[in-house]
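Below: the structure, in structure tokens.
Throughout, a chain's letter reflects where its sequence line sits, starting with A, and its residues are numbered from 1. These values consider heavy atoms only, across backbone and side chains, with no hydrogens, waters or symmetry-generated copies.
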There are 2 protein chains.
Amino acid sequence: MTAHVHNHAALTKNQALVFGELSKAEGPLSAYTILDQLRSEGFRAPLQVYRALDKLVEFGMVHRLESLNAFVACSHKDCEAHSAAAFAICEKCGQVTELSDAKLDDRLRELAEATGFALTKSVVELRGICADCKAA
Amino acid sequence: MTAHVHNHAALTKNQALVFGELSKAEGPLSAYTILDQLRSEGFRAPLQVYRALDKLVEFGMVHRLESLNAFVACSHKDCEAHSAAAFAICEKCGQVTELSDAKLDDRLRELAEATGFALTKSVVELRGICADCKAA
DNA sequence: TACGCAATGTTATCTTATAACATGACAGCA
DNA sequence: TGCTGTCATGTTATAAGATAACATTGCGTA
Ligand SMILES: [Zn+2]
Ligand SMILES: [Zn+2]
Ligand SMILES: [Zn+2]
Ligand SMILES: [Zn+2]
């Protein structure tokens with residue numbers, strides 16, 4: 001019984017290995033961290049990681065965090081395509097929370113339309129201190 | 001008569017040179033592009049650029065575009081501190097438009113508050129095709 | 001003058017990402 | 001069976017972005 005079910009064609013070996021590392025990680029991982037963790041599985045070069053990540057991002061199973069140059073597994077249980085994702089990134093503990101908010105999406109769409117901009121993808125990354133770290 | 005007026009302490013020589021390059025550029029510049037353009041002014045090493053950029057970003061005169069690893073001069077005439085900035089980045093021509101939107105800011109604040117997240121800074125970068133490129 | 005401090009200069013190194021080219025696996029078809 | 005296209009993979013080298021560590025300079029002030 002797997003925690004994730006996917007509509008995508010079955011993952012290739014490398015894609016599955018990379019996704020596995022991201023899934024069991026507590027927080028975001030850099031491509032090179034993933035590489036180091038997978039050396040025991042035979043990984044030798046960055047491209048093996050980057051190629052898998054490209055596909056996983058394309059499938060919507062992994063998100064890239066632009067402000068960290070790192071990657072996280074999508075937190076949605078079924079990994080189905082979701083419009084836009086926003087992320088809250090704690091600068092103290094590194095925890096990343098994936099947020100979905102229709103009002104935010106609407107506002108971004110309105111902003112784009114107002115200037116005739118054809119929106120392809122939105123990057124929303126909130127930086128700050130998470131509730132746990134604030135309390136501590 | 002300068003186009004920009006600043007409240008900040010006068011810029012240092014290096015800061016002024018870097019800000020000058022960004023101000024006269026059509027679009028965002030990478031740190032290394034700035035370095036190359038300032039070699040004739042005596043710049044030799046990346047740190048000379050990064051240190052100036054750090055200060056300019058701190059002053060609010062320059063913004064870093066996380067999804068491009070590049071920098072732009074703030075488009076506000078007086079460079080006064082503004083809450084949050086969003087950017088629309090054309091993936092065809094590279095043009096970047098700086099947007100300010102109170103409703104967007106409010107929504108981001110609400111989202112953060114709802115989860116007890118202490119917001120420090122928000123990164124909002126819209127990717128897509130600008131009106132000009134769409135028309136062409 | 002002597003001190004403190006910020007800016008600057010310099011070299012080396014680290015991290016992140018891609019180019020270029022070769023090989024392997026497999027499906028569809030002659 | 002052998003050919004061919006395509007996709008995943010492997011490998012080496014290099015490009016691009018960012019920082020560490022340390023030395024030096026310039027300047028205001030006690
Ligand atoms: Zn997601
Ligand atoms: Zn935290
Ligand atoms: Zn601005
Ligand atoms: Zn454009």
Side-chain angles (χ1 to χ4, degrees), chain A residues 6 8-22 25 27-59 61-72 89 91 94 96 121 123 125 127, chain B residues 6 8-22 25 27-59 61-72 89 91 94 96 121 123 125 127:
Chain A
H6 308 294
H8 313 288
L11 297 181
T12 66
K13 182 188 167 199
N14 285 3
Q15 288 159 16
L17 286 168
V18 169
F19 187 65
E21 291 302 317
L22 285 172
L29 300 178
S30 77
Y32 279 75
T33 299
I34 296 171
L35 172 59
D36 286 340
Q37 294 181 356
L38 289 177
R39 286 194 188 279
S40 58
E41 301 291 336
F43 273 49
R44 313 284 302 275
L47 260 196
Q48 295 174 286
V49 177
Y50 281 109
R51 287 202 275 231
L53 286 172
D54 283 348
K55 287 294 183 183
L56 292 168
V57 168
E58 182 185 321
F59 297 158
M61 298 168 65
V62 166
H63 300 291
R64 175 186 170 82
L65 299 173
E66 299 288 350
S67 64
L68 292 180
N69 292 328
F71 300 83
V72 283
I89 301 171
E91 296 182 323
V96 172
K121 172 181 193 281
V123 173
E125 300 178 11
R127 311 294 304 251
Chain B
H6 309 295
H8 313 287
L11 297 180
T12 67
K13 183 187 166 198
N14 285 3
Q15 288 161 14
L17 285 168
V18 169
F19 187 65
E21 290 302 315
L22 285 171
L29 299 178
S30 76
Y32 279 75
T33 300
I34 296 171
L35 173 59
D36 286 341
Q37 293 180 356
L38 289 177
R39 286 196 189 278
S40 58
E41 301 291 336
F43 273 48
R44 313 283 303 274
L47 260 196
Q48 295 175 286
V49 177
Y50 281 110
R51 287 203 275 231
L53 286 171
D54 283 349
K55 285 294 183 183
L56 292 168
V57 167
E58 183 186 322
F59 296 158
M61 297 169 64
V62 165
H63 300 291
R64 175 184 170 86
L65 299 173
E66 299 289 350
S67 65
L68 292 179
N69 293 327
F71 301 82
V72 282
I89 301 170
E91 295 183 322
V96 172
K121 172 179 193 284
V123 174
E125 299 179 10
R127 311 293 305 248

Nearest-angstrom distance from the residue atom [atom1] of [X] to [atom2] of [N]:
X	N	atom1	atom2	answer
B:L17	C:dT8	CG	P	9 Å
B:F43	C:dT11	CZ	C1'	17 Å
A:R39	D:dG10	CZ	P	13 Å
A:K55	D:dC7	NZ	P	8 Å
B:L38	C:dT8	CG	P	12 Å
A:L53	D:dT9	CG	C1'	15 Å
B:L56	C:dA7	CG	C1'	13 Å
B:L11	C:dA6	CG	C1'	15 Å

Excluding sequence neighbours, so at least two apart, what forms side chain to side chain donor-acceptor pair (under 3.5 Å) with B:N14?
-> none
Contact check, side chains of [X] and [Y], non-hydrogen atoms, under 4.5 Å:
X	Y	result
A:L68	A:R127	yes
A:M61	A:L11	yes
A:R64	A:V62	no
A:H63	A:L22	no
B:E21	B:L38	yes

Give a yes/no on whether any side-chain N or O of B:T12 is located under 4.0 angstrom from OP1 or OP2 of C:dT8.
-> yes
Do the side-chain N or O atoms of B:Q48 get closer than 4.0 angstrom to the phosphate oxygens (OP1, OP2) of C:dT8?
-> no
Picking from D:dG10, C:dT8, D:dT12, the nucleotide nearest the side-chain atoms of B:K13 would be C:dT8
Residue pair A:Q37, A:L29: steps toward the side chain to side chain contact (heavy atoms under 4.5 Å, CB included) verdict = CA-CA 10 Å; A:Q37 294 181 356; A:L29 300 178; 4.0 Å; yes
Donor-acceptor under 3.5 Å (A:Q48 side chain, A:A45 main chain) | yes
Step by step, work out the side chain to side chain contact (heavy atoms under 4.5 Å, CB included) result for A:V18 and A:F71.
-> CA-CA 10 Å; A:V18 169; A:F71 300 83; over 6 Å; no
Protein-nucleotides 24-29 of chain D N/O pairs closer than 3.5 Å?
none

What one-letter contact string describes nucleotides 13-28 of chain C from 5' to 3', where B marks a base within less than 4.0 Å of any protein heavy atom, S marks contact via sugar-phosphate atoms alone, and - marks no contact?
-> ---BBBBB--------
